[in-house]
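Below is one structure; the comments refer to it alone.
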Amino acid sequence: MNENKTNINWFPGHMKKTRDGIKEKLKYIDVVYEVIDSRMPLSSKIKDIDDIIKDKKKIIIATKYDLCDKNETDKILDKYESEGYYIYKCDLLKDKLDNLLKLTNNIMKDEFDSMTRKGLKARKPRVLVLGVPNCGKSTLINKLAGSKKAGTGNTPGFTKNISWIRLNKIDLMDTPGVLWPKLEDQEGAKTLAAFGSIKLEILNAFDISNFILKKMYELYPESLKERYGIESLSEDLIEEYDIIAGRRGALLKGGIADYNKVSLIIIRDLQNSYLGKVTFDRL
């Protein structure tokens with residue numbers, strides 16, 4: 001169960017096309033929504049975003065806020081706010097997002113008032129929506145639209161093209177999920193994979209499940225004990241995989257643990273919040 005030490009390098013062609021397309025269309029944009037996952041507020045933030053969007057007004061939308069460790073996530077969101085970002089925390093399944101629209105209009109009020117004084121026709125805010133794959137970006141757009149305007153799916157990379165979505169109160173430019181050319185921060189890359197922003201086909205499922213067990217033991221040992229009955233970790237983690245296999249019925253013929261199935265159980269348990277409210281990133 002030893003972890004693969006190979007560096008993670010994943011930058012599909014459509015991501016480069018997206019970044020180039022954003023730069024070309026940036027002159028049409030008033031405000032940028034950057035969607036991040038509250039459970040990984042550092043890892044899910046696009047590293048060089050400010051180089052792409054320059055001096056545009058920026059709102060960080062922290063989705064899945066109801067699933068995170070709010071104490072730890074808020075420390076990071078406070079840091080972003082001190083750097084000039086507006087912050088909007090939300091549970092996309094429950095929140096109506098009216099306050100997000102109000103925030104967007106308030107940010108643009110002075111500029112739009114100036115346009116009106118110059119005799120220019122009033123218009124809706126134009127918003128660029130960015131985020132790493134599977135962070136809730138398309139769900140956000142559909143919630144704002146009140147209907148299914150953007151495709152959604154559990155598979156990272158579901159959205160493939162840049163497109164305008166015209167709504168009553170706002171115009172949105174939807175983009176495919178964006179990562180950065182080389183994931184030099186290996187822990188950040190594994191965190192992205194653990195929460196579903198990088199396809200498991202790209203990485204080794206054992207690496208990710210091993211990473212989750214170690215991270216949970218470091219940060220939330222009581223949750224690990226409650227879910228799996230695990231109170232300590234062995235060096236190779238085989239004992240822990242055997243325990244989980246027995247508890248969850250992940251066994252092959254002869255009662256042998258199905259380690260591949262156990263890996264997927266651990267990953268799904270994290271993503272479905274069966275391991276509790278967690279935040280893997282720390283300042």
Side-chain angles (χ1 to χ4, degrees), residues 31-50 53 56-107 127-141 143-144 177-180 183 185-198 211-212 214-227 269-283:
V31 179
V32 175
Y33 288 172
E34 184 180 2
V35 185
I36 66 171
D37 187 324
S38 295
R39 301 168 297 178
M40 48 172 181
L42 290 174
S43 298
S44 63
K45 191 175 188 313
I46 301 169
K47 300 303 184 212
D48 57 354
I49 185 66
D50 290 324
I53 63 176
K56 296 294 179 179
K57 297 174 175 65
K58 301 166 285 192
I59 301 176
I60 285 181
I61 300 175
T63 65
K64 306 176 186 178
Y65 187 68
D66 55 311
L67 305 179
C68 76
D69 177 344
K70 292 182 174 62
N71 183 55
E72 294 298 334
T73 293
D74 284 348
K75 293 176 185 177
I76 297 169
L77 296 181
D78 288 346
K79 176 179 179 291
Y80 291 149
E81 192 168 33
S82 73
E83 294 171 350
Y85 286 87
Y86 294 90
I87 305 297
Y88 186 80
K89 309 167 188 177
C90 62
D91 169 5
L92 290 177
L93 297 180
K94 295 181 180 178
D95 294 351
K96 293 183 178 180
L97 304 183
D98 291 346
N99 288 333
L100 175 60
L101 293 174
K102 288 179 182 177
L103 175 60
T104 305
N105 282 305
N106 286 340
I107 289 172
V127 177
L128 171 65
V129 188
L130 289 172
V132 299
N134 214 21
C135 64
K137 182 170 55 65
S138 294
T139 302
L140 171 77
I141 290 172
K143 193 71 180 281
L144 288 169
V178 177
L179 288 169
W180 41 103
L183 298 170
D185 174 5
Q186 295 297 295
E187 179 159 326
K190 288 177 181 176
T191 299
L192 285 166
F195 287 104
S197 289
I198 296 177
F211 170 75
I212 291 169
K214 291 176 181 178
K215 202 70 175 174
M216 288 298 300
Y217 184 66
E218 174 192 350
L219 302 176
Y220 305 102
E222 288 302 315
S223 296
L224 206 58
K225 179 181 177 181
E226 181 178 348
R227 184 65 178 174
D269 279 357
L270 177 72
Q271 294 178 2
N272 293 327
S273 296
Y274 295 140
L275 297 180
K277 296 183 178 184
V278 302
T279 296
F280 272 22
D281 291 334
R282 295 291 186 274
L283 283 176

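Numbering starts at 1 and runs along the sequence shown.
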Student check: side-chain heavy atoms of Y85 and D50 closer than 4.5 Å: yes
Pairwise side-chain contact, K143 with C90, heavy-atom cut-off 4.5 Å (strictly under): no
For K225, all residues meeting side chain to side chain donor-acceptor pair (under 3.5 Å), sequence neighbours excluded: none
side-chain contact (heavy atoms from CB on, under 4.5 Å) involving Y86 - partner list, sequence neighbours excluded: I59, L103, I107
Atom pair CG (L140) and OH (Y88), whose distance is rounded to the nearest 0.5 Å: 9.0 Å
With sequence neighbours excluded, residues passing side chain to side chain donor-acceptor pair (under 3.5 Å) with T63: none
Distance in Å, I36 CD1 paired with K45 NZ, rounded so as to fall on 0.5 Å steps: 8.0 Å
Main-chain N/O of Y274 paired to N272 side chain as donor or acceptor, under 3.5 Å: no
Test item: I212 and L275 side chains (from C-beta on) under 4.5 Å apart, heavy atoms: yes
Where K47 and L42 come nearest, the two heavy atoms and their spacing: NZ-O, 3.0 Å
Contact check, side chains of V278 and L219, non-hydrogen atoms, under 4.5 Å: no
R39 side, atom CZ; S273 side, atom OG - distance, nearest 0.5 Å: 5.5 Å
Exercise: identify the closest heavy-atom pair between P133 and S197: O-OG, 2.7 Å
Counterpart residues, salt bridge (charged side-chain N to carboxylate O under 4.0 Å, His left out), relative to E81 (two or more places apart): none
Exam field: side chain N134 to backbone G196, donor-acceptor pair closer than 3.5 Å: yes
Partner residues of C135 under the side-chain contact (heavy atoms from CB on, under 4.5 Å) criterion, sequence neighbours left out: V35, V132, K137
Residue list, salt bridge (charged side-chain N to carboxylate O under 4.0 Å, His left out) with E222, at least two apart or on another chain: none
Lys/Arg N to Asp/Glu carboxylate O, E83 vs K79, below 4.0 Å: yes
With E72 via side-chain contact (heavy atoms from CB on, under 4.5 Å) - residues at least two apart: D69, K75, T279, R282
Non-neighbouring partners of T191 that pass side chain to side chain donor-acceptor pair (under 3.5 Å), sequence neighbours left out: none
Note, Y80 side chain near E34 side chain (heavy atom, < 4.5 Å): no
Salt bridge (charged side-chain N to carboxylate O under 4.0 Å, His left out) involving K56 - partner list, sequence neighbours excluded: none
Approximate separation, where rounding is to 0.5 Å, of I76 CD1 and C68 SG: 9.5 Å
I61 side, atom CD1; D37 side, atom CG - distance, nearest 0.5 Å: 13.5 Å
Rounded distance (nearest 0.5 Å) linking atom CD of E226 with atom CG of L224: 10.5 Å
Pairs where residues 89-101 contributes a residue and the test side-chain hydrogen bond (donor to acceptor under 3.5 Å, both in side chains) is met, not counting sequence neighbours: D74-K89
Side-chain touch L93/D66, heavy atoms, less than 4.5 angstrom: no
By side chain to side chain donor-acceptor pair (under 3.5 Å) - contacts of D281 (at least two apart): S43
Pairing residues for S223 by the side-chain contact (heavy atoms from CB on, under 4.5 Å) criterion, not counting sequence neighbours: M216, Y220
